[in-house]
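Structure first, then comments.
The residues of the chain are indexed from 1 along the displayed sequence.
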Amino acid sequence: MIMYKHLLILIFLAPSIFSQDISVKFFEALIQDKPELTDFINKEELEYSLRLGIEYDNVKNKFFIGNEIPEEIREGVISGKYEYNVAIEPHAGMKIGETRFALTIPDIQFRKEYYYNDGMISATTFYTRKWQKLESKYFTFRLEEPKYFNEYCVKRLDQFVDLIADTLGFTIAERRILEKEKIGYIFCKDEASVEKITGFRAKGMAILGTDEIVTSYQTHFHEVAHILINYKLKKSGLYTLPFFMEGFAVAVGGRGGMAPRVVTDLGYYLEKSSILTYDSIITNDGFYNNDASMSYAVAGLYNSFLLHELGGEKYLELYRKFNGNLEFINNTNLNSLILPAKTKWNSFLEDYKKPPDIYFDKIDTNTLFDGGNMGSMNILKNGYIKFSMPQYIFIDFLNNRISKSLYKSRIFLADFPQDSSKWESIFQYGIFADSVSLKVIDFFNDEIVINYNKNLSIENLNVPVQAYRFKFYVNGTIFSIDDSKGFVISGIILRSLYYK
């Protein structure tokens with residue numbers, strides 16, 4: 001690569017693909033944030049980025065959100081403070097007309113990649129152009145490895161959009177636009193692919209410039225929630241106080257691979273034990289000065305309360321008040337907040353686990369269907385399922401059967417590496433227990449739906465065990481039991497656990 005002093009005199013290799021003249025004008029427009037920057041975007045890509053009508057204050061070119069050059073770096077380049085490199089970079093499978101090029105500033109370890117094909121195109125378009133395509137009611141999917149995805153995931157994602165549409169009061173017109181234009185869902189085989197596309201070490205993220213989700217999770221409801229609330233707001237600031245932004249996404253969508261209740265249960269424990277309280281993480285600094293797993297959990301719990309207390313319309317009014325530019329977010333303090341009375345919050349906490357997802361009853365005498373070594377269960381009248389089982393069992397509800405020959409659960413393959421050949425006989429849910437913990441995993445979308453741990457529970461109860469069997473109740477709604485046409489229990493032996 002050749003070192004240059006000024007960005008405006010770049011000379012590109014392969015001028016037939018991306019000429020010197022185009023490069024000079026593009027970088028001039030990018031560095032100086034000129035209005036004609038839009039002229040360099042591929043026309044179809046520009047239309048795609050604007051399809052949902054989401055706008056952000058003081059953002060002239062939505063397409064470049066996340067790919068702009070920070071102001072202090074732009075000023076340094078223009079003044080000649082920074083030396084930089086620009087080079088065309090080869091990429092396997094590129095066709096004539098496609099170009100990938102990178103701007104790097106070695107002194108500050110800055111790098112930005114850009115992609116060109118009859119105009120600038122997004123990284124998602126560039127990297128997924130050969131991936132499998134699929135459409136649903138609300139999504140266009142790009143699948144890097146289709147065997148890790150299935151129709152159940154599609155169904156759950158569409159159902160989630162309908163849920164949020166109801167919660168936030170989407171109009172009929174707003175729903176129809178979503179059906180027509182759709183959210184992009186880029187499903188990557190692993191985190192390395194997410195990083196390659198986004199430039200960030202993350203398991204998934206919402207791409208605001210193109211209203212897409214790039215993720216290694218089959219059903220990343222959390223990131224979809226970010227797109228949906230922005231869609232409802234239509235025009236907003238680019239930044240929202242993280243207590244509300246991440247809190248909302250946790251409250252309705254959990255966190256990657258974990259259902260909402262799994263995350264907010266941790267928040268409940270942290271709040272009730274005073275290890276971390278909601279009022280200590282409301283500010284931007286307060287939120288980010290704590291471990292993310294803790295601040296997300298508590299914020300999610302409090303935003304669940306706000307949605308319950310205020311309803312969708314008033315919640316959106318509150319959310320919008322803490323949305324703006326970065327300076328506004330950094331300077332927001334507790335005096336800026338008018339929140340519901342603390343007595344209502346305390347009342348919400350008292351009722352939080354009514355009804356509980358799981359509970360224990362050591363003196364229970366309900367008769368169970370005996371499944372031998374597989375365990376036993378019975379669907380009770382109150383909607384709970386009683387389990388009496390060894391260390392683990394698998395359970396399948398017949399309404400959710402999928403084509404297993406075309407699908408592989410990555411969480412099963414990762415957690416039980418010695419049992420990969422048994423995936424064909426594994427059912428939808430895996431239930432795992434020991435004396436201090438209880439976990440329920442939905443293998444059809446690799447989501448943890450229950451995660452009890454005695455040491456992270458206010459009750460601090462062991463999982464009851466009698467005659468080498470763990471006994472507990474699970475709320476049938478976890479399994480959508482009302483829609484079930486029956487169930488099957490599997491008691492296969494897992495070598496990965498047996499030989500630990």
Side-chain angles (χ1 to χ4, degrees), residues 136 147-163 185 187 203-204 215-225 250 252-266 356-358 375 377 379 383-385 387 389 391-404 406-416 419-420 422-433 437-453 472-492 494 496-497:
S136 71
K147 72 180 180 182
Y148 297 141
F149 200 76
N150 60 65
E151 64 271 21
Y152 175 76
C153 302
V154 174
K155 176 184 175 182
R156 289 287 307 278
L157 284 164
D158 279 339
Q159 288 175 336
F160 179 73
V161 174
D162 282 327
L163 171 67
Y185 200 94
F187 176 59
K203 294 181 178 180
T215 180
S216 58
Y217 289 112
Q218 295 96 314
T219 51
H220 207 156
F221 304 120
H222 180 103
E223 298 302 337
V224 175
V250 168
V252 299
R255 206 172 174 208
M258 295 181 286
R261 190 62 178 255
V262 170
V263 188
T264 57
D265 277 356
L266 173 60
D357 282 344
I358 62 168
M377 64 180 292
I379 300 175
Y384 280 82
I385 304 172
F387 288 92
M389 51 169 269
Q391 186 180 5
Y392 58 88
I393 62 171
F394 297 91
I395 183 170
D396 205 10
F397 291 89
L398 302 182
N399 55 311
N400 281 334
R401 286 277 173 96
I402 62 170
S403 303
K404 290 179 186 160
L406 303 177
Y407 171 70
K408 302 292 182 183
S409 164
R410 289 181 303 175
I411 197 170
F412 178 84
L413 298 178
D415 286 357
F416 312 112
D419 300 280
S420 59
K422 294 183 177 179
W423 166 248
E424 292 299 327
S425 61
I426 297 300
F427 295 157
Q428 180 174 2
Y429 294 98
I431 306 176
F432 304 88
S437 66
L438 174 63
K439 181 179 292 187
V440 180
I441 300 173
D442 186 343
F443 288 114
F444 283 5
N445 68 330
D446 285 347
E447 182 181 38
I448 300 171
V449 294
I450 289 178
N451 191 24
Y452 172 80
N453 187 305
F472 52 89
Y473 286 84
V474 177
N475 194 327
T477 58
I478 296 295
F479 307 106
S480 300
I481 198 69
D482 291 341
D483 301 324
S484 177
K485 298 178 181 178
F487 58 87
V488 181
I489 300 175
S490 168
I492 67 168
L494 294 175
S496 299
L497 290 177

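Atom CD1 of residue I385 and atom CD1 of residue I478 lie 9.5 Å apart, to the nearest 0.5 angstrom. F444 CZ to F149 CZ: the interatomic distance, rounded to the nearest 0.5 Å, is 14.0 Å. The structure places CZ of F187 at 4.5 Å from CD of Q218, a figure rounded to the nearest 0.5 Å. F427 CZ to D396 CG: the interatomic distance, rounded to the nearest 0.5 Å, is 5.5 Å. Rounding to the nearest 0.5 angstrom, the gap separating the CG atom in N445 from the CD1 atom in I411 is 9.5 Å.
A centroid separation of 6.0 Å or more is found between the aromatic rings of Y185 and F160.
Residues passing the salt bridge (Lys or Arg N to Asp or Glu O under 4.0 Å) test with D357, sequence neighbours excluded: none.
Within the 4.5 Å cutoff, no side-chain heavy atoms of N150 are placed close to those of L406. Side chains of M258 and N451 form no contact here, defined as non-hydrogen atoms less than 4.5 Å apart. Within the 4.5 Å cutoff, no side-chain heavy atoms of F387 are placed close to those of I358. The shortest distance between side-chain heavy atoms of F221 and L157 falls below 4.5 Å. Taking 4.5 Å as the limit, some side-chain heavy atom of P356 sits within range of a side-chain heavy atom of Y384. Side-chain contact between F472 and M389: present, with at least one pair of heavy atoms (C-beta onward) separated by less than 4.5 Å. Side-chain contact between L413 and F443: absent, with no pair of heavy atoms (C-beta onward) separated by less than 4.5 Å.
Nearest approach of I450 to V262, heavy atoms of both residues: N-CG2, 3.8 Å. Across all non-hydrogen atoms, the minimal contact from P260 to V252 is CG-O, 3.6 Å.
For the salt bridge (Lys or Arg N to Asp or Glu O under 4.0 Å) condition, the pairs that include at least one residue of residues 437-447, sequence neighbours left out, are R156-D442, R156-E447. The salt bridge (Lys or Arg N to Asp or Glu O under 4.0 Å) pairs that include a residue from residues 256-266 are R261-D265, where partners are two or more places apart or lie in different chains.
Side chains of Q428 and Y152: a donor-acceptor N/O pair is present below 3.5 angstrom, by distance only.
Between H222 and H220, the ring planes are tilted. Angles from 30° to 60° get that label. Under the 30°/60° scheme for interplanar angles, the aromatic rings of Y429 and F479 are found to stand perpendicular.
The closest donor-acceptor contact from the side chain of S216 to the backbone of K203 lies under 3.5 Å. Proximity of a side-chain donor or acceptor of Y392 to a complementary backbone N or O of G430 within less than 3.5 Å is not detected.
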